[in-house]
2 protein chains.
Amino acid sequence: MIKLNKTHYAVLGMLSICPMSGYNIRQMIKQSIGNFWSESDGQLYPALALLNKHGYVTCKSANKPGARENKIYTLTDKGKDELREWLALTPETHSVRNEAMLKLFFGANTTPEINFDHIENLRYQAKAMLAQLTAMRKQLISEEKDSAHLPYWLMCIDHGIQMNEARLSWSESIINNFKK
Amino acid sequence: MIKLNKTHYAVLGMLSICPMSGYNIRQMIKQSIGNFWSESDGQLYPALALLNKHGYVTCKSANKPGARENKIYTLTDKGKDELREWLALTPETHSVRNEAMLKLFFGANTTPEINFDHIENLRYQAKAMLAQLTAMRKQLISEEKDSAHLPYWLMCIDHGIQMNEARLSWSESIINNFKK
DNA sequence: TCGCACATGTAACGCGTTACATGATTAC
DNA sequence: GTAATCATGTAACGCGTTACATGTGCGA
């Protein structure tokens, strides 16, 4: 039995929502789980090819004559089983790397202004993410109200909202102290 | 001019606090910035060797006769300049990968109990991290009260505290809804 | 006709982890 | 005596990003 990596499971998961092309998966990952997951092109297409080769997904070329290439991948029963088994395993915690925090930790080596700028940036990013997630939440509730996925998708969005609210209040409290 | 990577800057930053051995750097990274940064052995020692080779750090073997090997690295002026320059650059945001959230997003493919377990784990982890960070905060305030690093170190710790408080309240609200 | 979005892929390179190799010292 | 910790390093492998290569369809 071949060993699958995280990219493979992310792809299987996406295909559990509905059949899609590689390009669609790419977009979906950016739009819906971009807040806590990412894949790059160089991983995605080879992953799809391997999943297809081993029967976790099937592939149909859905190009009308003369149309552009379009391969639609569909999850097989084998793929569903594999996904279910992976979902039952305790998630591995992988190392976090937050460069902004690293710089701040060494902040005494530079000027207060530079550190302040970095925190300002973080505040701005948190605010932007919050706006985006809040809009997404609203949209999801109206557009997916009958979907079995909705409760789980809301949990993920709410996690993002809470994380960014925390970031925002953290950065604002530092900025306010700095101005005094 | 040679191109340094993140590991090199993390090492330079650690040596800006005080001269240390590779082993000390390893420990310090785990203990003090482990909350938002990590390095592995396979990166650390080669990074130190390269920094030494190019004059960013100097190295003195501080082994008393018959004692175990112990190389103490010290930041040079060139190293300090390099660190300062890097600190002034806007931090790059690198892709986040949170496997627990990924599994939750695909939660509709498995049982509520399995998802509940994952969230329980997250709650437990957040609680443990909070306890650790709170203790660290207290210790820092008393032990480093005259250090120029203290304000920045507190910002980092407070960031961790706020993140984990958000995680905790998020997981608890889901668990409470689940029990109803 | 130009540029953008659609669409699929490969190659090269560097990053990061794990396991391995070695050996001294200290605590039980 | 044996296990844990101190201490330094290398090798192998897989992961992940970036840049490249190629071509279609559509709107301004």
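To find a chain, count down the sequence lines: A is the first, B the second, and so on, and within it residues start at 1.
Straight-line distance from the OH atom of A:Tyr45 to the C1' atom of C:dC6: 9 Å, rounded to whole Å. The CD atom of A:Glu92 sits 11 Å away from the P atom of D:dC15 (whole-angstrom rounding). Taking atom CG of residue B:Leu44 and atom P of nucleotide D:dA7, one finds them 14 Å apart after rounding to whole Å. The distance from atom CG of B:Leu48 to atom P of D:dT10 is 12 Å, rounded to the nearest whole Å. Rounded to a whole Å, the CG atom of B:Leu4 is 10 Å from the P atom of C:dC15. B:Gln31 places its CD atom 13 Å from the C1' atom of D:dT5, with the value rounded to the nearest Å. In this structure, B:Ile29 places its CD1 atom 13 Å from C1' of C:dG16, rounding to the nearest Å. Residue A:Met20 contributes atom CE, which lies 15 Å from atom C1' of C:dA7 at whole-angstrom precision.
B:Ser95 has a side-chain polar atom (N or O) that falls below the 4.0 Å cut-off from OP1 or OP2 of D:dT17. Put simply, B:Tyr23 has a side-chain N or O that comes within less than 4.0 Å of OP1 or OP2 on D:dC6. Between C:dG16 and B:Ser40, no contact under 4.0 Å exists linking OP1 or OP2 to a side-chain N or O. One finds no side-chain N or O of A:Lys3 lying less than 4.0 angstrom from the OP1 or OP2 phosphate oxygen of D:dG14.
Under the salt bridge (charged side-chain N to carboxylate O under 4.0 Å, His left out) criterion, the residue pairs touching residues 149-171 of chain B are B:Arg137-B:Asp158, with sequence neighbours excluded.
Taking the side chain as every heavy atom from C-beta outward, A:Glu99 and B:Trp86 approach each other to under 4.5 Å. At least one side-chain heavy atom of A:Lys103 sits under 4.5 Å from a side-chain heavy atom of B:Leu89.
The existence of a salt bridge linking B:Asp81 and B:Arg84 is confirmed by a sub-4.0 Å separation between a basic side-chain nitrogen and an acidic carboxylate oxygen.
Along DNA chain D, the nucleotide nearest to A:Glu39 and the one nearest to B:Gln27 differ in position, and the one closer to the 5' end is contacted by B:Gln27.
Comparing D:dG16, D:dA7, C:dC15 by their closest approach to the side chain of B:Asn70 singles out D:dA7. Side-chain proximity of A:Asp41 to D:dG9, C:dT17, C:dG9: nearest is C:dG9. The side chain of A:Gln43 sits closest to D:dC15 out of D:dG9, D:dC15, C:dT8.
In this structure, B:Gly42 reaches the bases: a heavy-atom distance under 4.0 Å links it to at least one base atom across the strands shown. In this structure, B:Lys6 reaches neither bases nor backbone, as no heavy-atom distance under 4.0 Å exists between it and the strands shown.
Checking A:Thr93 against B:Gln125 by side-chain atom types alone, no donor-acceptor pair falls below 3.5 Å.
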